[in-house]
Amino acid sequence: MAGYRKPVIRKKVSGPSSYSTGGFTVTIGELESVAGAVITVESSTFYHPQIASISGNTIKVIVYAWDGAAVSEISAGTDLSGVTFHILAWSD
């Protein structure tokens with residue numbers, strides 16, 4: 001069927017080599033638009049990713065970390081290239 005898109009996509013991505021405050025974007029090219037998404041992290045550190053926004057088929061991911069006392073967004077410039085994120089995204 002020409003033009004058919006899967007309604008649910010699993011995507012595995014690495015983080016950026018230099019994190020920007022406010023998050024990084026991931027494009028879900030397999031979907032024309034994303035209605036919703038969830039994200040988890042495969043890491044031995046205490047990262048907590050969160051979907052901050054969705055626009056078309058692009059999601060913005062903010063990454064928080066637990067420092068033993070509080071949870072806060074990770075510092076700008078943090079290298080996440082060795083961190084794997086798992087995304088489950090769906091369309092309408």
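Computed from heavy atoms alone, side chains included, the values below leave out hydrogens, waters and symmetry copies. Given the structure is predicted, the values throughout are model-derived calculations rather than measurements.
For Phe24, the ring pair (Phe, Tyr, Trp, His ring centres under 6.0 Å) partners at least two apart in sequence or on another chain are Phe85.
Applying the 6.0 Å contact sphere to CZ of Phe46 captures no more than 12 heavy atoms from other residues, nucleotides or ligands. A 6.0 Å sphere centred on CG of Asp92 holds no more than 12 heavy atoms belonging to other residues, nucleotides or ligands.
Rounded to the nearest 0.5 Å, atoms OG (Ser33) and CG (Leu31) are 7.5 Å apart. The NE2 atom of His86 lies 9.5 Å from the CD1 atom of Ile39; values are rounded to the nearest 0.5 Å. Going from atom CD1 of Ile54 over to atom OG1 of Thr25 covers 13.0 Å, rounded to the nearest 0.5 Å. Leu88 contributes atom CG, which lies 9.0 Å from atom OG1 of Thr40 (distance to the nearest 0.5 angstrom). For the atom pair CD1 (Ile74) and CG (Leu80), the distance works out to 4.0 Å, reported to the nearest 0.5 Å. One finds the CH2 atom of Trp66 at 8.0 Å from the NE2 atom of His48 (value rounded to the nearest 0.5 Å).
Across all non-hydrogen atoms, the minimal contact from Ser14 to Ser81 is CB-O, 3.6 Å. Between Ile51 and Ala37 the shortest heavy-atom distance is CG1-O, 3.8 Å. The nearest pair of heavy atoms linking Ser18 to Gly77 is OG-CA, 3.4 Å.
In terms of modelled atom types and a separation under 3.5 Å, the side chain of Tyr47 and the main chain of Val83 share no donor-acceptor contact. Of the possible polar contacts, one joining the Asn57 side chain to the Ile28 backbone as a donor-acceptor pair under 3.5 Å is found.
Val63 is not listed as a side-chain neighbour of Thr78, based on a closest heavy-atom distance of 4.5 Å or more. Contact annotation: the side chain of Tyr19 approaches that of Ile62 to within less than 4.5 Å [non-hydrogen atoms, C-beta and beyond].
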Stepwise, does the salt bridge (Lys or Arg N to Asp or Glu O under 4.0 Å) test hold for Lys12 with Glu42? CA-CA 10 Å; Lys12 183 169 140 177; Glu42 181 182 312; 5.1 Å; no

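Checking Val34, Thr58, Ile59 one by one against Val26, the side-chain contact (heavy atoms from CB on, under 4.5 Å) holds for a single residue, Ile59.
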